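Since we're looking at a predicted model, the values are computed, not measured.
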Amino acid sequence: MGKVVFLYRSLAYRNAAADILRKARKLPRGAERSAARRYAKALRDLAQTEAWLEGRVAREARTTQRRKSAASA
């Protein structure tokens, strides 16, 4: 269940970044366009960071469970 929620959240970040980038392309060059592009990049980076963190947390949880199992055996 947790992976499904993570997938939807990650897709939401990526879709939001794509939407903002599309809107930024329509704007004339200037501060507002640059800010929108930076915001889109930050959302895309957040989606990638969350993907890395999700994998990292899952591995750490398994390692902790293995240690507890080994210690109790």
Side-chain angles (χ1 to χ4, degrees):
M1 181 69 177
K3 290 184 180 184
V4 173
V5 171
F6 161 72
L7 178 64
Y8 283 122
R9 186 175 50 209
S10 180
L11 288 175
Y13 286 142
R14 290 171 193 249
N15 287 335
D19 288 341
I20 293 170
L21 195 55
R22 275 188 224 106
K23 290 176 184 175
R25 287 182 185 137
K26 294 177 184 177
L27 294 173
R29 292 184 182 194
E32 190 177 349
R33 179 180 177 170
S34 296
R37 291 182 68 199
R38 282 193 305 268
Y39 186 60
K41 185 180 181 318
L43 283 173
R44 189 178 58 214
D45 291 345
L46 180 62
Q48 290 174 352
T49 301
E50 282 213 4
W52 180 82
L53 286 173
E54 185 68 23
R56 180 79 172 191
V57 168
R59 275 189 237 123
E60 286 178 2
R62 285 187 214 137
T63 305
T64 304
Q65 287 175 353
R66 286 182 194 155
R67 288 180 188 161
K68 288 179 182 177
S69 298
S72 64

Trainee: Which residues pass the salt bridge (Lys or Arg N to Asp or Glu O under 4.0 Å) test with K41, sequence neighbours left out?
Mentor: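 So K41 forms a salt bridge (Lys or Arg N to Asp or Glu O under 4.0 Å) with D45.
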Trainee: Could you pull out all donor-acceptor pairs under 3.5 Å where a side-chain atom in residues 33-40 meets a protein atom, sequence neighbours excluded?
Mentor:
from, atom 1, to, atom 2, distance (Å)
S34, OG, G30, O, 3.1

Trainee: Once you round to the nearest 0.5 Å, how far does CZ of R25 lie from CG of L21?
Mentor: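 If we round to the nearest 0.5 Å, R25:CZ and L21:CG are 4.0 Å apart.
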Trainee: For residues I20 and L46: do they belong to one hydrophobic cluster (side chain heavy atoms under 4.5 Å, members Ile, Leu, Val, Met, Phe, Trp, Tyr)?
Mentor: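 Yes; tracing contacts between hydrophobic side chains, which count when under 4.5 Å, links both residues.
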